[in-house]
2 protein chains.
Amino acid sequence: MLKEERQQTILNEVELHNRVLLTDIAEKLDVSIDTARRDVKELDAENRLRKVHGGAISLGFATYSPKRNNVYALDEKIEIAEKALKLIKENSVVLIDGGTTCLELARLLPSKIHLTCFTLSLPVAMELLNKPNVETIFIGGQLSKDAQIAVGSHTIHNLSQIRLDHSFIGTGYVDANFGLTEFDWDIVQTKKAIIKASKKLVLLCISEKLNSQHRFKTCDINEIDTMITELSPDHHLLSSFKSQEIRLL
Amino acid sequence: MLKEERQQTILNEVELHNRVLLTDIAEKLDVSIDTARRDVKELDAENRLRKVHGGAISLGFATYSPKRNNVYALDEKIEIAEKALKLIKENSVVLIDGGTTCLELARLLPSKIHLTCFTLSLPVAMELLNKPNVETIFIGGQLSKDAQIAVGSHTIHNLSQIRLDHSFIGTGYVDANFGLTEFDWDIVQTKKAIIKASKKLVLLCISEKLNSQHRFKTCDINEIDTMITELSPDHHLLSSFKSQEIRLL
DNA sequence: TTTTTTATTGCAAAAAACTGCAAATATTAA
DNA sequence: TTAATATTTGCAGTTTTTTGCAATAAAAAA
């Protein structure tokens with residue numbers, strides 16, 4: 001393995017998890033700790049990451065959006081986002097919803113991909129600005145303080161004016177029988193508008209949310225085209241979804 | 001777990017609850033009290049929190065926020081924002097433009113103030129979400145990657161539908177004779193729309209930009225109601241503006 | 001006051017970083 | 001091609017950093 005490849009792998013790891021341990025590098029890339037250390041040292045000198053005792057952390061670690069540091073079940077969400085990424089086609093028109101799982105999808109978009117991307121989430125929009133070839137359109141409206149997304153009639157009206165190839169959405173709760181539900185009425189109305197505007201719907205959802213429900217209903221399961229969890233599609237937790245008209249990934 | 005991660009976790013905790021106990025850190029991060037104490041001591045030395053007997057407390061508000069570290073002439077901008085703050089009336093409808101000076105204004109808004117606040121800047125919107133009594137409306141549209149604001153026809157149309165008590169705007173360049181100018185055509189068109197939608201216009205501008213100009217014109221000086229710089233109004237650099245119909249602060 | 005909790009200090013074990021060196025590999029020149 | 005040169009890599013020994021523990025001091029609470 002070439003040095004450049006090794007260093008790129010290290011950078012990817014840091015970008016993905018905000019951190020990396022020297023011991024993990026050494027083991028994963030099958031080199032000595034010393035080589036790993038030297039690689040990290042070089043990358044630090046080039047200002048591509050920050051070397052710390054025992055490993056390295058991403059440059060934005062302290063300055064970046066504080067949310068990323070304490071995302072619950074980050075690894076699972078990254079896994080889901082990686083699966084979702086494969087569904088995105090060059091030059092298509094997509095929407096990325098709010099929530100931490102969808103945010104990971106935005107982060108993972110490769111810088112070479114050409115896309116037109118709508119969103120109503122502030123953090124997702126911030127992330128998309130870093131993608132040189134993604135044209136980003138923010139769907140404006142009244143901002144929800146906790147969800148950090150635009151909601152309300154203005155947002156819904158704007159959504160009614162567009163036609164999306166794919167929408168990647170999250171949900172508060174999901175149940176095979178009751179479908180997708182939320183705690184918040186405004187958010188449900190906004191999601192309904194997204195659903196109406198989309199040709200294909202992809203639900204990103206960590207397995208922990210399976211078989212949970214709340215007050216207000218967004219839609220039925222069969223309105224979703226693809227549901228992505230971090231589990232393999234034949235996992236027993238997904239069995240109740242198998243009978244439905246839905247693709248599991 | 002890396003030391004930096006531990007310290008970041010501590011900072012998050014402090015930011016979230018304004019305080020943290022050493023015993024809680026030790027338990028949560030699974031380290032000895034001594035290590036927790038040492039971490040807190042380091043963070044205190046770096047002025048990232050304040051160590052007190054038994055734990056740590058936050059340094060107060062508006063101390064550590066993302067991106068703040070590499071703002072040019074931050075002190076001057078804060079001074080300008082403080083002056084601008086006095087112009088904002090309870091329960092009014094205002095717009096805060098993009099740019100680092102306007103961002104400081106958003107940061108400085110007291111949490112008790114009741115406002116309806118429009119913006120087309122992503123960072124400003126992020127900041128406004130932290131203000132419990134500010135209703136924030138993001139004016140959507142195509143996002144400009146470098147200015148991090150919404151621009152384009154959609155944005156301009158949305159702006160034509162609202163009526164603002166005060167707009168706080170920045171500018172790339174300003175000259176007493178040529179007026180406000182910008183490098184970017186789209187940004188100029190958007191600013192024109194803001195101007196049209198506003199009853200009163202306040203320009204936030206560090207003195208360094210005085211007597212500079214660029215390609216595209218936003219408006220004449222006399223269209224601005226109030227211009228705020230970090231200088232006192234009778235500073236000689238402002239003399240060329242005195243003859244104009246403009247209030248200097 | 002006494003009692004309890006928290007801080008400080010010094011110390012030792014463990015982990016990680018650094019240094020110099022030699023073997024292995026790659027690059028360049030003849 | 002071969003030989004000379006430069007770079008990369010792993011290893012061993014040394015130094016530094018980190019961490020937890022225990023003894024003592026200081027502070028807060030009862």
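These numbers come from a predicted model, not from an experiment. Naming convention: chains lettered A, B, ... in sequence-line order (proteins, then strands); numbering from 1 in each chain.
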Undergrad: Could you tell me whether the phosphate oxygens of dA16(C), OP1 or OP2, come under 4.0 Å of any side-chain nitrogen or oxygen in R38(A)?
TA: no

Undergrad: For the pair F118(B) and V93(B), evaluate side chain to side chain contact (heavy atoms under 4.5 Å, CB included) and give the outcome as yes or no after the intermediate values.
TA: CA-CA 8 Å; F118(B) 287 80; V93(B) 178; 3.7 Å; yes

Undergrad: Ignoring backbone atoms, establish whether K51(A) has a side-chain N or O less than 4.0 Å from OP1 or OP2 of dA17(C).
TA: yes

Undergrad: Scan L22(A) against the nucleic acid and name what it touches under 4.0 Å (heavy atoms): base, sugar-phosphate only, or nothing.
TA: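 Sugar-phosphate, backbone atoms only, no base.
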
Undergrad: To the nearest angstrom, how far is H53(B) atom NE2 from dA26(D) atom C1'?
TA: 8 Å

Undergrad: Heavy atoms from C-beta onward define the side chain here; which of dG10(D), dT9(D), dT19(D) lies closest to that of K3(A)?
TA: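 Side chain of K3(A) sits closest to dT9(D).
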
Undergrad: At under 4.0 Å between heavy atoms, what does V52(A) touch on the DNA or RNA strands: base, sugar-phosphate, or nothing?
TA: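 The answer is sugar-phosphate, as V52(A) gets under 4.0 Å only of primed atoms, P, OP1 or OP2.
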
Undergrad: Separation of D34(A) atom CG from dC18(C) atom P, in whole Å?
TA: 11 Å

Undergrad: Let me know the distance between CZ of R6(A) and P of dG10(D), rounded to the nearest Å.
TA: 7 Å

Undergrad: Rounded to the nearest Å, what distance is computed from the CD1 atom of residue I33(B) to the C1' atom of nucleotide dT9(C)?
TA: 17 Å

Undergrad: It should be established whether R37(A) places a side-chain nitrogen or oxygen under 4.0 Å from OP1 or OP2 of nucleotide dT9(D).
TA: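 Result: no.
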
Undergrad: Just checking, is any N or O donor in the side chain of K191(A) or T218(A) under 3.5 Å from an acceptor N or O on the other one?
TA: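 No donor-acceptor contact under 3.5 Å links the two side chains.
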
Undergrad: On the 0 to 90° scale, with breaks at 30° and 60°, tag the H214(A)-F183(A) ring pair as parallel, tilted or perpendicular.
TA: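 H214(A) and F183(A): perpendicular rings.
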
Undergrad: Specify the separation, in whole Å, of atom CG of L21(B) and atom C1' of dA7(C).
TA: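 So the two atoms are 16 Å apart, to the nearest Å.
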
Undergrad: Within this structure, what is the CD-to-P distance between E42(A) and dA17(C), rounded to whole angstrom?
TA: 16 Å

Undergrad: Just so I know, are the side chains of L2(B) and H53(A) near enough to count as touching, which here means a heavy-atom distance under 4.5 Å?
TA: no

Undergrad: Return the value, rounded to whole Å, for the distance between atom CE of M1(B) and atom P of dA16(C).
TA: 15 Å

Undergrad: Say whether, by atom type as modelled, one donor and one acceptor occur between the side chain of S144(B) and the main chain of A147(B) under 3.5 angstrom.
TA: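 Flag set: sc S144(B) to bb A147(B) pair under 3.5 Å.
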
Undergrad: Specify the separation, in whole Å, of atom CD1 of I25(A) and atom P of dG10(D).
TA: 13 Å

